[in-house]
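Worksheet: the structure to be examined is printed underneath.
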Number of protein chains: 2
Amino acid sequence: MLAAHPDETVRGTRAPGQASNSLDQRMAYATVRRLRAKEHVFCEGDEREHVFRVEEGVIAVYKTLPDGRRQIIDFAYPGDLIGLGVIGEHVLSAQATVPSKVRCLAAAALERIAETDAGLALKLYKAVCQELAATRNLLVTVGQRSAIERVAAFLISLHRRTAAEGAATINLAMRRSDIADLLGLTIETVSRTLTKLRGMGVIDLEQGATRVQLCDLPRLAELANE
Amino acid sequence: MLAAHPDETVRGTRAPGQASNSLDQRMAYATVRRLRAKEHVFCEGDEREHVFRVEEGVIAVYKTLPDGRRQIIDFAYPGDLIGLGVIGEHVLSAQATVPSKVRCLAAAALERIAETDAGLALKLYKAVCQELAATRNLLVTVGQRSAIERVAAFLISLHRRTAAEGAATINLAMRRSDIADLLGLTIETVSRTLTKLRGMGVIDLEQGATRVQLCDLPRLAELANE
DNA sequence: CGGCGTTTTGAGATATCTCAATGGGAGTGG
DNA sequence: CCACTCCCATTGAGATATCTCAAAACGCCG
């Protein structure tokens with residue numbers, strides 16, 4: 001499995017020049033790549049040529065075992081960077097769960113700039129630290145929580161990361177299998193747990209199983225054990 | 001629960017002056033703190049004043065849920081740094097599993113130096129990236145592997161990180177409960193799995209359940225699914 | 001030698017998985 | 001516009017890995 005050939009990339013729009021820092025400046029000149037659902041951004045073993053920023057959609061970052069089992073490490077939403085903190089080749093794969101857009105940055109160039117631009121270097125460092133914190137939280141969830149706690153925790157984190165202020169509805173923008181592979185469960189357990197939560201009146205499922213209304217956020221947080 | 005009061009720290013020995021870089025230089029002048037088994041280096045919520053380097057023993061870095069369940073994020077062995085990649089207060093706790101020694105570095109001072117010393121900054125960055133990679137691997141183990149695969153993977157990683165070249169014996173230097181909380185299992189399952197591995201002739205247990213001989217490393221790797 | 005903390009072992013309970021069938025929605029072609 | 005298909009989600013029933021509770025054995029230290 002290989003990432004799609006780069007010739008499907010398209011030229012990015014030039015920004016009007018008022019970018020506020022060098023990361024945004026670089027981003028403004030970067031190419032944008034459109035991805036269909038399930039298309040890969042990059043795969044484990046690929047040479048690491050770019051760092052990406054998600055513009056639209058959701059990118060699942062994951063690792064696989066030799067026998068095909070898959071663990072999703074993180075979902076990247078618009079604004080998130082992926083492909084950081086790597087030296088040689090990718091040790092992870094990244095795949096769009098729905099039609100998405102990512103902005104591509106030459107990794108080597110970025111790092112060259114970071115060497116002289118302390119602000120950019122700090123920004124990259126912070127991004128990696130944040131990723132580390134998120135991964136640790138997921139590890140706690142997967143290692144210690146029950147199915148219902150995991151799903152509740154997932155819904156809450158999705159809400160925090162993607163919902164507009166005050167909005168109580170979230171868009172899953174992924175299949176049950178993606179959620180299952182994030183949480184270390186099966187799709188059946190995810191499905192059953194979601195229906196159980198609906199039965200409890202904590203959430204409501206709409207529109208082809210992809211939109212979720214969080215009816216009782218405090219209760220959901222309680223069910224997640226924070 | 002709070003970390004032990006700092007007045008139990010002792011002065012570090014001065015290095016003879018041939019430290020090869022600024023991290024080692026700082027380390028040479030840092031104080032050393034001795035820890036008894038189960039003593040804390042720091043706790044979640046403590047102000048982050050130091051970064052530590054393990055000199056002797058093993059430090060378990062962990063997070064807890066409100067109801068007390070504990071997930072160990074990593075074991076830090078001699079040479080490893082802990083307390084990096086944090087902004088304000090600690091979001092993790094760190095506790096010695098056996099009598100240990102850590103070298104204490106003022107975090108603020110370290111970061112001030114890193115601002116001008118690109119080599120040190122890079123070293124810290126690399127350390128965080130490495131931590132991220134290790135945490136991701138553990139996440140895959142906990143999320144996807146069976147009990148026997150988890151234990152096998154743990155033994156292999158312990159061997160890689162601590163065993164001398166060619167040595168086939170490892171020192172657990174921790175209780176079953178620590179292994180269980182790392183792998184997301186119970187102590188009983190860890191114990192049973194270890195006896196099963198012994199029954200299969202892959203390992204041997206000696207000396208009060210703390211030393212493990214890896215009789216058949218290739219087989220163990222196979223059992224771990226890499 | 002006695003006591004304490006830890007590990008091992010056993011037996012039964014259970015959460016989650018596996019396998020299988022059903023149902024719904026979106027896209028396609030007649 | 002209606003079948004047809006494909007993919008995905010849901011639901012059910014039975015299997016099982018792991019957990020829970022309990023007891024016994026071990027090893028260490030005073």
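Hydrogens, waters and symmetry mates play no part in the numbers below; they use all other heavy atoms, side chains included. Keep in mind that what you see is a predicted model, and the values were worked out from it rather than measured.
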Quick one: salt bridge (Lys or Arg N to Asp or Glu O under 4.0 Å) pairs with a partner in [range], sequence neighbours left out?
range                       : result
residues 82-101 of chain B  : B:Glu56-B:Lys101
residues 168-187 of chain B : B:Arg70-B:Asp178, B:Arg70-B:Asp181, B:Arg175-B:Asp178
residues 188-202 of chain A : none

Show your reasoning for whether side-chain contact (heavy atoms from CB on, under 4.5 Å) applies to A:Ile187 and A:Val190. CA-CA 5 Å; A:Ile187 57 179; A:Val190 171; 5.5 Å; no
Tell me whether the OP1 or OP2 atom of D:dC8 has a side-chain N or O from A:Arg175 closer than 4.0 Å. yes
Between [X] and [Y], which heavy-atom pair has the shortest distance, and what is it?
X        : Y        : value
B:Ala168 : B:His159 : CA-NE2, 4.2 Å
B:Glu149 : B:Leu223 : CG-O, 3.1 Å
A:Val128 : B:Leu132 : CG1-CD2, 4.0 Å

For A:Glu226, is the CD atom crowded, meaning more than 12 foreign heavy atoms sit under 6.0 Å from it? no
Results of salt bridge (charged side-chain N to carboxylate O under 4.0 Å, His left out) for A:Arg136 - residues two or more places apart only: B:Glu131
Below 4.0 angstrom, which residues in residues 178-189 of chain B have at least one non-hydrogen atom near DNA chain D? B:Gly184, B:Leu185, B:Thr186, B:Glu188, B:Thr189
First contact, last contact: which nucleotides of DNA chain C are these for chain A, 5' to 3', heavy-atom distance under 4.0 Å? C:dT16 to C:dC19
Ignoring hydrogens and geometry, is there a side-chain-to-backbone donor-acceptor pair from [X] to [Y] under 3.5 Å?
X        : Y        : answer
A:Arg33  : A:Cys104 : no
A:Ser93  : A:Glu44  : yes
A:Arg103 : A:Arg53  : no
A:Arg150 : A:Arg145 : yes

Quick check on contacts: within residues 140-155 of chain A, what sits under 4.0 Å from DNA chain C by heavy-atom distance? A:Ser146, A:Ala147
Could you check which residues of residues 192-203 of chain A get a heavy atom under 4.0 Å from DNA chain C? Sort them by number, please. A:Arg192
Inter-residue atom distance B:Arg69.CZ - B:Gln71.CD, 0.5 Å rounding: 11.0 Å
Point-to-point distance, once rounded to the nearest 0.5 Å, from NZ of B:Lys63 to CD1 of B:Ile72: 14.0 Å
Hey, what are the protein-to-nucleotides 24-30 of chain D N/O distances that come in under 3.5 Å?
none

Who are the ring-ring contact (aromatic ring centres under 6.0 Å, His included) partners of B:His90, not counting sequence neighbours? B:Phe42
Could you give the angle between the helix axes at the two ends of the helix from C:dC1-D:dG30 to C:dG30-D:dC1, with five pairs per end, rounded to 10 degrees? 30°
Only counting residues at least two apart or in another chain, list the ones meeting side chain to side chain donor-acceptor pair (under 3.5 Å) with B:Asn171. B:Thr210
